[in-house]
Amino acid sequence: METKKDTFMPDAIKSLEIRVVTANVQIKCSEDTLIHVEAESLQEMDYVCEVRNQKLVVLYGVEGKKHLINFNWKEAQIVLCFPKGKIFEHVALEIGAGNIDMKEVPVLCNEMEAEIGAGKWHAAGLQVSGRLDLQVGAGEVKMKTATVGTLNLECGVGACVYRGCVNEDIKVDCGVGSCKFELDNKESDFNYDVSCALGNVRINKSSIRCLGSKKIYSDSKAKGTITLKCGLGNIELNTIEKAKATVHINE
């Protein structure tokens, strides 16, 4: 097992890429003006931490030789510390069976893509001015006080909870998993295009089940369109009107 520490100048980094097979990844606030990355309990899987074309790349068990995961090993711990207010042009996340914790420090970026396999991603205060592309396999995603421009979500058998605001479009494709939204938006902010196979879709007080479809166009000038496609799973979407009369979901 190894421990490694790296330090980078923030001005030299425009984008961020984190891809790990299995590890606990945590984002923290830097105590100085630099970017720090510390990894400990590293096993025999290859670890990379370097800057490539102004992109900070952190990889564990992704490039080079790969070994079968021994679940008796202690989970690798990777901590990234950023100066407060650091904005990335693009952020890419990919995690297999570990966790990504972004609850302590809001991550700010223009574009983001995230792929969560069987792991967990928890975030608070996430701000994506443009597009967030999110894929959830069998894992779990929880976001609170988030703000994104456009949200594109694909959920397999896992679960996703999103609390916050979306300024433009939302597109959700839910297989047999569960997707829940508590939006700081009005219902009239969006047009709606909903289709449901054998699952269930609920928008505030309206429910669509089993081979149902519905299109709703707002009378006012909508900010965007919410497109919901549900297979065998469940999609629940509440806007600010509904949230006032309901109890918030548990963490």
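Throughout, residue positions are numbered sequentially from 1 according to the sequence presented.
Screening Q26, H36, E31 for a side-chain contact (heavy atoms from CB on, under 4.5 Å) with C81, the sole residue that qualifies is H36. Tested against N238 for a side chain to side chain donor-acceptor pair (under 3.5 Å), the candidates E187, R202, E182 yield a single pass: E182.
Taking each heavy atom of I87 and C109 in turn, the nearest pair found is CG2-CA, 4.3 Å. Residues C160 and L153 come closest through the heavy atom pair SG-CD2, 4.0 Å. Scanning all heavy atoms of the two residues, the minimum distance from V166 to L151 falls at CG1-N, 4.4 Å. The heavy-atom pair separating K28 from V105 by the smallest distance is C-CG2, 3.2 Å. Closest non-hydrogen pair, A76 versus T22, comes out as CB-O, 4.5 Å. The minimum heavy-atom distance between Y192 and K186, with the atom names listed, is OH-O, 4.5 Å.
Counting heavy atoms from C-beta outward, L132 and M143 have side chains that approach closer than 4.5 Å. Contact of the V148 side chain with the M112 side chain is not registered, since no non-hydrogen atoms from C-beta on lie closer than 4.5 Å. Here the side chains of L134 and W121 are in contact, with some heavy-atom distance below 4.5 Å. In this structure, the side chains of L237 and V172 stay at 4.5 Å or more apart for every pair of heavy atoms. In this structure, N200 and S207 have side chains that are in contact, with non-hydrogen atoms separated by less than 4.5 Å. For the pair Y162 and V141, the minimum side-chain heavy-atom distance is 4.5 Å or more. Between F181 and T239 there is no side-chain heavy-atom pair separated by less than 4.5 Å. L228 places a side-chain heavy atom less than 4.5 Å from the side chain of I203.
One hydrophobic cluster, built from ILVMFWY side chains closer than 4.5 Å, holds both V51 and V91. Under the 4.5 Å side-chain contact rule for hydrophobic residues, V37 and L42 share a cluster. Placement of V57 and V79 in two distinct hydrophobic clusters is found when ILVMFWY residues are connected by side-chain heavy-atom separations under 4.5 Å, directly or transitively. Grouping the Ile, Leu, Val, Met, Phe, Trp and Tyr side chains by contacts below 4.5 angstrom, directly or via other members, places F8 with I78.
A donor-acceptor contact shorter than 3.5 Å is absent between the side chain of Q135 and the backbone of D133. Between the side chain of E113 and the main chain of A92, no donor-acceptor pair closer than 3.5 Å is present.
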Determine, stepwise, if the pair K180 / E236 fulfils salt bridge (Lys or Arg N to Asp or Glu O under 4.0 Å). CA-CA 5 Å; K180 186 165 187 176; E236 180 178 347; 3.8 Å; yes
Stepwise side chain to side chain contact (heavy atoms under 4.5 Å, CB included) test for L80 and V25: CA-CA 8 Å; L80 295 88; V25 181; 3.7 Å; yes
Assess the residue pair I18 and Y60 against the criterion (side chain to side chain contact (heavy atoms under 4.5 Å, CB included)); give the C-alpha distance rounded to whole Å, side-chain angles, the decisive distance to 0.1 Å, and a yes or no. CA-CA 9 Å; I18 302 173; Y60 182 55; over 6 Å; no
Report the C-alpha separation of L59 and E17 in whole Å, then their side-chain angles, then the decisive distance to 0.1 Å, and conclude whether the side chain to side chain contact (heavy atoms under 4.5 Å, CB included) test is met. CA-CA 8 Å; L59 310 175; E17 179 179 346; 4.2 Å; yes
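For the atom pair L108 CG and Q127 CD, the distance stands at 5.0 Å (nearest 0.5 Å). Annotation: the span from I95 atom CD1 to R19 atom CZ amounts to 12.0 Å, rounded to 0.5 Å. Separating the CD1 atom in I27 from the CZ atom in F82 is a distance of 4.5 Å, to the nearest 0.5 Å. The line from CG of D189 to NZ of K223 is 4.5 Å long, rounded to the nearest 0.5 Å. Atom CG of L56 is separated from atom CD of E50 by 9.5 Å, given to the nearest 0.5 angstrom. Rounding to the nearest 0.5 Å gives a distance of 12.5 Å between CE of M102 and NE2 of H122.
We find that K171 and D169 are not joined by a salt bridge, their nearest charged nitrogen and carboxylate oxygen being 4.0 Å or further apart.
Counted within 6.0 Å of NZ on K55, heavy atoms from surrounding residues, nucleotides or ligands total 12 or fewer; the atom is thus considered open. By the 6.0 Å contact criterion, CG on D32 is enclosed, its count of non-hydrogen atoms from other residues, nucleotides or ligands being greater than 12.
A donor-acceptor contact closer than 3.5 angstrom is absent between the side chains of E38 and T3.
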